[in-house]
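All ligand and atom numbering here is 1-based and tracks the order in the structure.
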Amino acid sequence: MEKWSIGVFASVDAGLGVHLDVAQELNIPTVQIHAPHQETRTPEAAEKFLKKCADAGITITAVFGGFEGESYADIATTVKTVGLVPEETRAARVQEMKEISDFAKLLGCETVALHIGFVPEDRESENYKNLITCTQELLDHVASNGQHLNLETGQESADHLLEFISDVSRDNLFINFDPANMILYGTGDPIEALKKVGKFVRSVHCKDGTWAAEGSRGKEWGCEVPLGKGDVGMETYLKTLNEIGYAGPLTIEREIPEDREKQKADIGQAVELLNSLKEKIG
Ligand code: MG
């Protein structure tokens, strides 16, 4: 794959992301996909989706897990509902994530990814220790499929993410870096964070956002905005990706499913912006 191949976050049948048609219409050569519902995670569905991608000349670079009951309504709800962190659903979701890894294998994809949730801060707590054990169990399954797992950034600081990766202590755990999330969740300056976690970054999102007002960061969402219009600083972002030696796809994410027309227009502009920056920096 060429350096910094453009990508977009897409869906098969459910969850976040644009329909594959949008990638096709905009001539985008790679996609990360949000895993489909359980009933669609079949060999037949995989074969059908792969054929659609092949016909459109699209390569799948990562499969993201997502779960029923997750809600990003506000930060407090996100803490309670997202990823493997909520204890009531942890075991079931680890099992489902293994099935998503199996589905990704059917798609010939070596990268699975997810928002693990807000990793508990107390490294001595039973909750944290159990999360480590569950993540190791998941990673061993993922490894048996010849895959690695990338954790989406944003819900914890770069330092705590590094502690977590070190505590899990498996060689197939990496990072999907999303600079806007650091801003939206108020977890730290994205460029500083990227420099810190650089050696673990195996995939990235190109997304932009503006900080919540001083005083409410980490309690209220910042605002997701079209690429180049927020506080990330896309030129600095790409320069920093260059510095850390990242050459993988640049996957655009624009999370406004309520307005599909604007979403598509914004993604089109994001492609233009990234292509011009690639020419300048790449
Ligand atoms: Mg993201």
Trainee: Which angle, to 10 degrees, forms at the Mg ion (ligand 1) with OE2 of Glu152 on one side and OD2 of Asp178 on the other?
Mentor: 100°
Trainee: For the aromatic rings, using the six-membered ring if either is Trp, is the centroid distance between His205 and Phe64 under 6.0 Å?
Mentor: yes
Trainee: What is the name of the N/O/S atom of Glu253 that is nearest to the Mg ion (ligand 1)?
Mentor: OE1
Trainee: Going only through I, L, V, M, F, W and Y residues with side-chain contacts under 4.5 Å, is there a path from Val225 to Ile267?
Mentor: no
Trainee: Would you please classify the geometry between the Tyr128 ring and the Phe164 ring as parallel, tilted or perpendicular, with 30° and 60° separating the classes?
Mentor: perpendicular
Trainee: Check all N, O or S atoms of His205 and name the one closest to the Mg ion (ligand 1).
Mentor: ND1
Trainee: If you draw the axis of the six-membered ring of Phe103, does the NZ or CZ of Arg41 fall within 45° of it and under 6.0 Å from the ring centre?
Mentor: no
